[in-house]
Structure formats: structure tokens, C-alpha cells
Enquirer: 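Just passing along the structure, written as C-alpha cells.
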Number of protein chains: 2
Amino acid sequence: MSSVEGQQGRNGSRAAAGGGSVAHRVPDLGALELLLAVARLGSLGAAARETGITQPAASSRIRSMERQLGVALVDRSPRGSRLTDAGALVTDWARRIVEAAEAFDAGAQALRDRRDSRLRVAASMTIAEYLLPGWLLALRAQRPDTAVSLLAGNSAAVAERLLADEADLGFVEGVSVPTGLDSVVIAHDRLIVVTAPRHPWARRGRPLEGAELAATPLILREKGSGTRQVLDAALGGLARPLIELSSTTAVKAAAVSGAGPAVLSELAVGEELAVRRLVRVPVQGVSLARDLRAVWPTGHRPVGPARELLSLTRG
Amino acid sequence: MSSVEGQQGRNGSRAAAGGGSVAHRVPDLGALELLLAVARLGSLGAAARETGITQPAASSRIRSMERQLGVALVDRSPRGSRLTDAGALVTDWARRIVEAAEAFDAGAQALRDRRDSRLRVAASMTIAEYLLPGWLLALRAQRPDTAVSLLAGNSAAVAERLLADEADLGFVEGVSVPTGLDSVVIAHDRLIVVTAPRHPWARRGRPLEGAELAATPLILREKGSGTRQVLDAALGGLARPLIELSSTTAVKAAAVSGAGPAVLSELAVGEELAVRRLVRVPVQGVSLARDLRAVWPTGHRPVGPARELLSLTRG
DNA sequence: ATGAGGGCATAAGCTGTCTTTATGAGCAGC
DNA sequence: GCTGCTCATAAAGACAGCTTATGCCCTCAT
């Protein structure tokens, strides 16, 4: 059993208006990375070396993190340091933050490197938001010195870039492939109907019929968005909005708060479903699937870094 | 070659040589939170007020974030500020980091509040690691002033705490419910077989048979762990380890690196599957499902905060 | 048109945090 | 006992971020 000793109670719980910022209660990324290094290497000093600081700095940083969290994280001994049980748990949670930060970094770097990049990627929003950072991380692991640039836009914009030779590889979601482009399906996405767990639909026995879906006011992206287009097409142009929001995130938030059923990409709600913040409502008789495709100008099969990235996306 | 990989196995992200730690390339949590506030409120000044700093501080912070990333994030105008296209993308990525930080905070706070907490929770590792932070966040949203304490351990330890009245509500994963406890199923988990995308099994046509699974050396958690017990039971005590590792994370990392097939909880690999870092191998004829249950001492139905939390976990 | 108000930028000074260097102390194995 | 590993402590310096105090720009209402 995890023996977690609270250390000292310094109560800095100021109930600030509007919700206190999490930044003051969570160690910064450097500290979390250091903790991961300690977990992996089993020694403060080694972790310090790896993260490029001195041993006393590491020691002090870990200690102040323990003070901040009010929990002992590592068992120090003259032969090294091991995580406490609580420390192991904290480290697992910390790893998620650091992984998110790595994805952020990979993406941000691609946004920056416009100029001299050896691989220019154009992607639709959903792909750029949810999938590309992971791919870029994988690519970096294989080819650390490949500078990538990223341009996000809709399908038409992606096609335009490719045809103007301003991008080497594109990714689009959607039913049809823009003319002038070759493509390969790299994954499947699906729009799904979700509700808050206590919504009546969350407990329905039988799957939802298309007609029922079309007849119910839904939380939707605005007209013109990719997901809305797919939905409208599937329902015959008849989706009834309960409210229209301009970002996937806003739609999710509204659904979570129980405002009503929402229709969203499976990619966007994986986390929410896993934790049951949202519940999936089965649907019958309507095809809400869509392919995710890699695209390139007809005849110009991807080569070099583009091929590398392409192969990553398919495994 | 039995286990005892200790912490070494935790191979999260190798420090990229030359690149340095991600912490230096990613804005700190405060800056990301500020960016989210700007996105939401449409004004630097308003975001500053909400995050409890002055307008010049916000201005400078956003600016230095833009400098750091090399991308313009915000379109300033005398009527307010809107995100640029790149800024919207960056904000979406940033949101993931902040959400992970919020989960971290919720969990960490529960580890700390041992003493005077009004709700004492005991949970098995998998649940504590993957689900509980989300539940705690939801609980905090409903009842902001409920101090929660968390104790993580195996099923037996959870039962022990409950029976000793050292915990109000427990969560266990497993086939059987410890004696002396009432329980309710709150979710279903399943062990799944995963491989790196280029492993031969990733492209098999037909599902794997139980016998085949039992005959193949697998990357596994050490004997005695919850997942290992379920697997052994399902296969008839016959799982053959290729290597045994002491943490879910280590198993994942080994599988991703292509060392072989691994067996893991569905909960642990949601993200990896979504991004195709791992591929699920269908299995036939073996029941790898397990229930996740909330448990409490027989007769003592959860009341107050415990009931509240329980109802959250079921939706 | 003119003043009020919201919104953002700049400059200067202060404060706190994290860092390094330098040192001490505990434990293992030869 | 010596060497090598570990971690802890102390003192001093560097840097980032904050605040206060301004100023400019634009829009809207009078």
C-alpha cells in the first residue's frame, strides 16, 4: 500500500475569484522532466547530469517539488534514489504532462520552421490538431535532423499548396480527394454522437436511427466546417442545430456540460470517452465514417522525408 | 531473466541529444493558461485580470511566448485580440498540456490531503493512474470544497483500508470482489494485445487464438500484478513472458519500440492506439475482460461525498 | 468634433527563483 | 583506510517575471 506522508501543511489555498490557476500548484515542466529522469535513472545526480544541471540544483528542485505537493516523492539513500509509491503515481501523472508538452513542441517547431525546411506538410485542421504532433515526434525519433514545416487549412487549401509545389505532402479528411492529387488512406475517422453521461440518450437500449438524429437539435460545428459537411451529407443536409459553435473544443465543452447531444470526430473525444466525461450513443443506418488520407500531386510519389513520414502514419 | 527491471524500464522520452529538454522550448504552464484565457476572452487585458496579473505582464508574456515559438499567436487590435490561425492550433495543443496539468493537480491534491479530508478513497493502481484524476476534477467542479485523500494499492490493500474504516470508498479492478465488501460495476476494462505497427501481428487477417497467445512470448507486467493475474487466469496460468517489466509504462515503451507483442489494459493504451503508435491485435476465444468496481464495506452504502463521487463514475 | 473608455505597448525598478560553486557527510567495496 | 558513489547544505550571482507609471490608438457616444 502506498504510504504517503503528508509533510507540512502550508495552506496557500486562496480561493481566488474565477478559479485559481493551476500553474501555481503544479511543478513546472523542468521539474517534472527532472522527476521522470530520476525515476528512470535511479539517482538524483544522474538525472541532474542528463537534464544539464548540477546535482545540488536537482536536489533542491526535487525537494521544493515535494514541499509544493506535500508528498515525499523519492527515497534517498547513499546508494541512489528510488521513487516512493506516491512518487510513482505522481510520476505517471507527470509523464502525461510531459508527453503533451513534447507533442506541443513538435507541432510548434513545425509551425516555425517555414523557411528552410526539408519537409513541408499541409494538413487539415483535425489531423493537424490531433494526429500530426504524434507523427512529428515519431519522425524526429527516426530522423532527428529533418526540419518540418506545417501548414493547416481545409482540404482545398491543402490541395492548392501541393499543386503550387509549396508542400511536399498533404493530409486531408473527407469523402472526396481533390482533383490532381493521388492519395492513400492512412486511417479511418468516424463522427460519433456523444452526450453527457446523464443525458437520456446515454442509457438508451437500442441504437439511434438516422431519422431520429436528424430530427433532434444537436450541438454542432458551424456550417462549412468539415465535420458539419460530413454530417449534413450523411443525413441529407438536414442536421438541426441546437447551437452552432466555432471550435471542436467549444462543442465538447457544451456536450460535457449536458447541453445536449453533440456530433464530433472520434479523434476529438477519445479521452473524454475513456473517462466517461462523455458517452457514445450508437447510431444505426447512417454512415458517419470518413477516411483520412495522405495526398500528393498526381505522379509525384513522396520520396525522402515525405515518404518516411507517410510510412509512419500507416505503421 | 526475471523482471526486476526496477525503474530502469521506465523509458519515457529519451533526452534528445543536442536538443535539450523540452522545458526550454515549451512555454511554462502560466503562459499557456494565459493563452487559453486570451483565446476564450478575446482580450489581453481581460485575460490578465482573470489570471490575476496586470495587463502589461500579460502583454509581455504573450509576446515572449511568440518570440520563443517563432510564430505570431495573437492578432492585436485596438478592439481586442484574436488568435491567428497558427495561434488557434497552438492553443489547441496547449489545452492538452493544461488539461494534463489539471489532472495532475487533482491527483496530487488528493495525495496530500490525508489528514482532514472528508472523503477518503482507496483505489487500485490502474484506476488511480488513469481514471481517478478525471473523476476528482469532476467532483471538484460539483463540490469545490470537498477535500479528498487518495491511497493507491492492490485489491487486498483497498479492502483492508475499507474494512478498517480508513477509507470511505474503494475502487478495484479484477475478477472477484474481496469478501466483506459490497460493490457495483462502474466500467469495463479489457486487456488487449498490442504490437508496434510493423510487427507481423499488426497485419494478420484473422484474430489470434488463445492457444497462439499462450504459446508466444509476450511483454508482460511482473507476476502478481493485476493485469498479469487476469491474463494468467484467462490463459490458464500459461502466459509466457518475453520480458517482465514492473510498470505499465515500461511495457508500453517496450511494445512501441517493437520488442514484441504486449498485453495491456485498454485504458493504458487509448492514446497510443489513436495515434497508431501501437496497433491492437484482435483475440478470439479468450475472455480478457474485467470489471472495474466501486466497493465499500457490506451494508455501509456510500453517503455524502462518497455517494457523489460514485455517481460521477457511473455518469 | 471631441471627450471618454477600452485596448495594447513601453520603460524602469524590484523581487524571487533557480542556478552554480564549494564543501561536508554517509555508505560500499577493494 | 582509501576511492568512488551517493545526497545535503551554504553563499553568491543571474535571470525572468511582476508591478507601477505612462503614452498612443481606436471606437463610440455626446
Enquirer: Rounded to whole angstrom units, what separation is found between the CG atom of A/L32 and the P atom of C/dC18?
Expert: 12 Å
Enquirer: Report which part of the nucleic acid B/S64 touches: base, sugar-phosphate, or nothing (heavy-atom distance under 4.0 Å, all strands).
Expert: nothing
Enquirer: Just to be sure I understand the rule, does A/S43 reach a base, reach only the sugar-phosphate, or reach nothing, if contact means heavy atoms closer than 4.0 Å?
Expert: sugar-phosphate
Enquirer: Closer to the 5' end of DNA chain D via nearest nucleotide, is it A/R76 or B/A58?
Expert: A/R76
Enquirer: What integer distance in Å separates A/E33:CD from C/dC18:P?
Expert: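 So the CD-P distance, A/E33 to C/dC18, works out to 15 Å.
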Enquirer: Mark up nucleotides 23-30 of chain C, 5' to 3', with B wherever a protein heavy atom is under 4.0 angstrom from a base atom, S wherever such an atom reaches only the sugar-phosphate, and - elsewhere.
Expert: ---BSS--
Enquirer: Hey, where on DNA chain D does chain A first and last touch, going 5' to 3'? Cut-off is any atom under 4.0 Å from a heavy atom.
Expert: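 With heavy atoms of chain A under 4.0 Å away, the range is D/dT6 to D/dT9.
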Enquirer: Say whether, by atom type as modelled, one donor and one acceptor occur between the side chain of A/E129 and the main chain of B/L89 under 3.5 angstrom.
Expert: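 No, A/E129 side chain to B/L89 backbone: no donor-acceptor pair under 3.5 Å.
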Enquirer: Should A/E244 and A/K223 count as an ion pair when the cut-off is N to O under 4.0 Å?
Expert: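 Answer for the salt bridge query: no.
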Enquirer: Answer yes or no: is there an ion pair linking B/D75 with B/R82, defined by an N-O contact shorter than 4.0 Å?
Expert: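 Salt bridge absent between B/D75 and B/R82.
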Enquirer: A/H24 NE2 to C/dG16 P: how many Å, rounded?
Expert: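 It works out to 14 Å between those atoms.
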Enquirer: Is B/R120 salt-bridged to B/E166, cutoff N-O under 4.0 Å?
Expert: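 Here B/R120 does not pair with B/E166 in a salt bridge, since their nearest N and O are not under 4.0 Å apart.
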Enquirer: Could you state the atom-to-atom distance from CG of B/L41 to P of C/dG7 in whole Å?
Expert: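 These atoms are roughly 11 Å apart.
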Enquirer: Can you tell me if A/E33 uses its side chain to pair, donor with acceptor, with the backbone of A/V98 under 3.5 Å?
Expert: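 No; judged by distance alone, with no hydrogens or angles, the pair does not exist.
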Enquirer: Tell me: CG of A/L34 to P of C/dC18, nearest whole Å?
Expert: 12 Å
Enquirer: Take the protein atom CZ of B/R63 and the nucleotide atom C1' of C/dA11, then report the distance between them rounded to whole Å.
Expert: 14 Å
Enquirer: Is there a donor-acceptor pair under 3.5 Å between the side chain of A/Q55 and the backbone N or O of A/R49?
Expert: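 The answer is no, because no donor-acceptor pair under 3.5 Å joins these two groups.
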Enquirer: Please report, rounded to the nearest Å, how far the P atom of C/dC8 is from the CD1 atom of B/I53.
Expert: 12 Å
Enquirer: Measure the spacing between CG of A/L83 and CG of A/L35 and express it to the nearest 0.5 Å.
Expert: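 Taking CG in A/L83 and CG in A/L35, the distance rounds to 6.0 Å.
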Enquirer: Assess whether atom CZ of B/R228 is packed by more than 12 heavy atoms of other residues, nucleotides or ligands within 6.0 Å.
Expert: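 Yes, because the 6.0 Å sphere around CZ of B/R228 holds more than 12 heavy atoms from other groups.
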Enquirer: Are any of the side-chain nitrogens in B/R96 or B/E102 under 4.0 Å away from the carboxylate oxygens of its partner?
Expert: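 Result for this pair is no, no salt bridge flagged.
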Enquirer: Select base, sugar-phosphate, or nothing to describe what B/S81 touches, counting heavy atoms under 4.0 Å on all strands.
Expert: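 Sugar-phosphate only.
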Enquirer: In whole Å, what is the span from the CG atom of A/L29 to the P atom of C/dT17?
Expert: 18 Å
